[in-house]
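Only one structure is covered here, and it is reproduced in the block below.
In listed order, ligands and their atoms are each counted from 1. We use all heavy atoms of the structure for the numbers below, so side chains are in, but hydrogens, waters and symmetry mates are not.
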Amino acid sequence: MGFTIAEKIIKAHLVEGKLEKGSDIGLRIDQTLTQDATGTMAYLEFEAMGVDRVKTERSVAYIDHNTLQTGFENADDHRFIGSIAKKHGIYFSRPGNGICHQVHLERFGIPGKTLIGSDSHTPTCGGIGMLAFGAGGMDVAVAMGGGAYHITMPKMVRINLTGKLRPYVSAKDVILEVLRIMSVKGGVGKIVEYGGEGVKTLSVPERATITNMGAELGASTSVFPSDEITKQFMIAQNRGEDFVEIKADEDAVYDEIINIDLSTLEPAAAMPHMPDNVKSIKEIGEIKVDQVLIGSCTNSSLRDMLRVAQMLKGKTVHPDVSLGIAPGSKQVFNMLAQCGALDDLIAAGARILECACGPCIGMGQSPNSKGVSLRTFNRNFEGRSGTADGQIYLVSPETAAASAVNGYLTDPTECDGYTEIKMPDKFYINDNMIVAPASVEDAKNVEILRGPNIKPFPKSDVLVDDITAPAVLKVEDNITTDHIMPAGAKILPYRSNIPYLSQFCFKQCDENFAENCKKAGKGIIIGGANYGQGSSREHAALVPLYLGIKAVITKSFARIHVANLINAGIIPLTFKNEADYDKISCNDELSLQGIKTAIENGDTQFVMTNKTTGDSITLNLDFAQRQRDMLIAGGLLNYTKLSSK
Ligand code: MIC
Ligand code: SF4
């Protein structure tokens with residue numbers, strides 16, 4: 001029996017466990033990345049582990065999220081990250097150099113290697129055949145210290161691509177089609193692999209758009225084969241020596257196969273407020289558009305920008321539309337300037353934004369009230385744009401450009417003037433904004449620059465046997481980490497200040513959540529299916545920990561968030577019978593008596609009592625041994641300290 005691409009890479013990196021679906025496996029991690037919104041916390045945790053120098057082949061710290069500097073906080077955090085990177089052997093990508101995933105793909109990613117990053121879109125590098133996972137900051141800190149990264153061995157999904165995209169139909173339309181088929185929870189517990197003849201028609205940036213948005217499926221990761229096209233990309237990045245071929249065996253076995261004929265795809269959009277709420281542009285119709293934004297780690301490559309420039313050349317952005325464009329990296333920006341395409345964008349009236357996440361994470365460019373905003377981004381969760389009633393549609397660069405000119409949602413296949421975008425034989429290489437770490441000798445003298453905004457992160461205590469606490473909040477299906485711990489320009493500067501952040505926790509669901517938690521002293525959260533989908537931010541676990549949350553009980557969890565809860569020492573439990581969700585109301589007194597003993601004994605089920613109603617409710621204790629040990633120790637940091645004694 002042959003192996004899939006992912007199985008091959010896993011096999012080569014397996015340090016614990018077996019290649020058996022559903023079992024806990026530990027992987028050796030070759031590379032890590034962090035960004036600034038999760039990085040400050042990740043490096044504080046790395047410091048707490050007391051490791052002098054990273055043990056990975058390559059670790060990179062990027063500054064790309066918190067780039068709006070309306071006070072000292074973000075700038076201080078950037079300095080902190082720069083100094084800690086220098087001291088501990090980490091490369092530092094300075095603000096202005098670009099979005100972590102775009103830059104990592106260009107300059108650092110290597111086919112066949114493993115990468116984890118404190119950002120959920122780390123699977124972008126799957127576009128060059130790397131096995132790349134989004135993870136919580138603590139997991140990244142452990143990997144930097146040489147520890148294994150643990151996941152549940154996923155199932156394998158194969159997406160067979162045939163045919164070729166029609167002019168102006170885009171890689172974004174491919175992943176939107178996959179989202180339409182699989183939904184935002186369809187990828188949980190799975191790795192999505194692409195194969196088939198159609199793969200050869202997709203360039204690396206197009207592949208990366210697709211693997212990037214695999215995060216929206218809830219998938220563990222997504223990966224393309226590394227082939228001749230990957231090789232040409234690596235050579236063009238002056239990194240030909242890093243290329244290795246990697247493809248699935250002919251007789252590899254998949255748990256699920258999905259067939260997509262690229263030639264039949266239509267331009268599509270994910271409508272408000274979920275990435276899987278997908279319809280074709282034709283079906284949605286010619287709605288009036290207020291704003292168009294092009295960029296983000298999903299669609300900010302040179303290929304995408306050149307396509308947009310080609311479509312805007314000689315035209316003017318519609319008078320009722322504001323068009324913002326953020327190239328994904330300095331390399332892309334430089335090359336746009338060199339070839340004159342930047343001139344076309346400026347002349348058309350685009351507002352050129354810096355190479356950063358920017359509006360994707362609510363760092364500026366919030367749309368007008370009820371404004372319809374077309375974005376080439378990957379998430380359109382309610383409120384994420386910074387405008388509570390903003391109507392965000394996720395679209396391809398082609399659809400975005402055509403609509404920006406017309407002022408209404410436009411199917412780009414109706415546009416003329418199509419020309420092929422050719423990938424360059426050589427990208428412009430200038431790594432002057434990547435700072436190498438200090439030598440081991442010099443590192444001793446590097447001072448860590450800590451601003452006053454950095455507060456200690458909350459520590460969890462060892463688990464107790466009897467937890468009785470009120471259900472402080474009950475929420476529906478598909479709650480995102482943006483609900484749990486919102487981001488945006490006003491809040492993001494406090495990612496290293498958990499006490500301050502706590503006042504914003506769950507605000508969109510319950511205005512008084514933080515206050516109620518404080519009054520109750522401790523609490524339990526009740527959630528629906530796919531709880532915690534979206535980002536990797538461990539703040540969505542650390543802030544509830546700070547507010548006294550002891551357990552979260554749901555119908556099901558998203559992968560990274562459940563790991564973050566365990567890392568923080570909060571018990572994630574699921575209902576044995578989903579219908580029992582209805583047996584709990586907000587403020588009911590819930591009793592988890594004997595929970596520690598049950599976890600210690602390896603029990604797989606546990607009966608909780610709802611003291612208010614008298615109901616007994618059976619919950620799943622679906623944990624690997626290592627997770628049990630972590631919960632008992634009170635989270636990953638305590639566990640790491642205990643196990644290294
Ligand atoms: C996001 O797109 O939601 C983010 C911001 O990049 C997050 C990380 C964060 O919250 O800092 C992610 O995707 O993990
Ligand atoms: Fe940045 Fe948006 Fe990508 Fe998150 S999804 S890394 S905020 S560009």
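Residue-ligand proximity, H101 to ligand 2, at heavy-atom distances under 4.0 Å covers atoms 6 (S). For ligand 2, the atoms lying closer than 4.0 Å to a non-hydrogen atom of D119 are 6 (S).
If you look at F80 and Y43, their ring centroids are not closer than 6.0 Å.
Salt-bridge check for R303 with E398: passed, with a basic side-chain N closer than 4.0 Å to an acidic carboxylate O. Of the charged side-chain nitrogens involved, at least one lies within less than 4.0 Å of a carboxylate oxygen, so that D482 and R537 count as a salt-bridged pair. Here D431 pairs with R107 in a salt bridge; the nearest charged N to carboxylate O distance falls below 4.0 Å.
Here S203 pairs with E206 under the side chain to side chain donor-acceptor pair (under 3.5 Å) rule; sequence neighbours left out. Qualifying side-chain contact (heavy atoms from CB on, under 4.5 Å) partners for Y428, counting only residues two or more places apart in sequence or in other chains: N334, M335, Q338, N430.
Enumerated by chain and number, the residues approaching ligand 1 to less than 4.0 Å through a heavy atom are Q35, A37, T38, H65, D119, S120, H121, I361, R379, R384, R495, S535, S536, R537.
In this structure, R58 forms a cation-pi arrangement with Y91, its terminal cationic atom sitting closer than 6.0 Å to the ring centre and no more than 45° off the ring axis.
When non-hydrogen atoms are compared, ligand 2 lies under 4.0 Å from neither the backbone nor the side chain of Q35. Under 4.0 angstrom from ligand 2, there are no non-hydrogen atoms of D64.
Neither side chain, E216 nor Q533, offers a donor N or O lying under 3.5 Å from an acceptor on the other. Looking only at atom types and distance, the side chain of D36 has no donor-acceptor partner in the side chain of N66 under 3.5 Å away.
At a cut-off of 2.8 Å, measuring from atom 2 (Fe) of ligand 2, the protein N, O or S atoms that fall short of it are C360 SG, waters left aside.
With hydrogens and angles disregarded, no donor-acceptor distance shorter than 3.5 Å links the side chain of K172 to the backbone of I210.
To the nearest 0.5 Å, the span separating CG on N530 from CG on D477 amounts to 8.0 Å.
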